[in-house]
Amino acid sequence: MCEVLTIPRSSYYQSFKKTVSNHEQENQKLTKEIQRIHVKSKACYGAPKIHQTLVNNGCYLRLKRVQRLMKKAGICSITKKNTVLISQKKSYAAR
């Protein structure tokens, strides 16, 4: 089979032994913690507030990492658009 695919046999057998790295395990734990905070805040907290909550709990990491993990997990905060109504004065409408 390796001859047909033109790959070395060592690469084929090495693919069976793949393990999850320590960094990826830590990312999985952080993602679960982010999801817990997100649910607790009723989906109102964004990345900066979640990051601050994690730092206050003793987990030191960068905001960019929290943003990346939130994006990967599909977590986003509920945002409300502010619409400003502009009324036209009569003088402008007459032109």
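Looking at residues two or more places apart in sequence or on another chain, you find no salt bridge (Lys or Arg N to Asp or Glu O under 4.0 Å) involving R68. In this structure, the salt bridge (Lys or Arg N to Asp or Glu O under 4.0 Å) partners of K72, at least two apart in sequence or on a different chain, are E24. Under the salt bridge (Lys or Arg N to Asp or Glu O under 4.0 Å) criterion, E3 pairs with no residue, sequence neighbours left out.
Screening residues 40-62 for salt bridge (Lys or Arg N to Asp or Glu O under 4.0 Å) gives no qualifying pairs among residues at least two apart or on separate chains. Pairs of residues two or more places apart, or lying in two chains, that qualify as side chain to side chain donor-acceptor pair (under 3.5 Å) and include a residue from residues 51-60 are Q52-N56.
Ionic pairing of E26 and K29 is not present here: no N-O contact between side-chain nitrogen and carboxylate oxygen is shorter than 4.0 angstrom.
Side-chain contacts under 4.5 Å among hydrophobic residues (ILVMFWY), followed directly or transitively, place Y45 together with L30, I34, I37, I50, L54, L61, V66, L69, M70, I75.
The structure places NE2 of H38 at 7.5 Å from OG of S77, a figure rounded to the nearest 0.5 Å. One finds the OG atom of S21 at 8.0 Å from the CG atom of N27 (value rounded to the nearest 0.5 Å).
Taking both residues in full, the closest heavy atoms of A73 and T31 are given as CB-CG2, 3.9 Å, listed atom of the first, atom of the second, then distance.
Ring planes of Y13 and F16: tilted class, angle from 30 to 60°.
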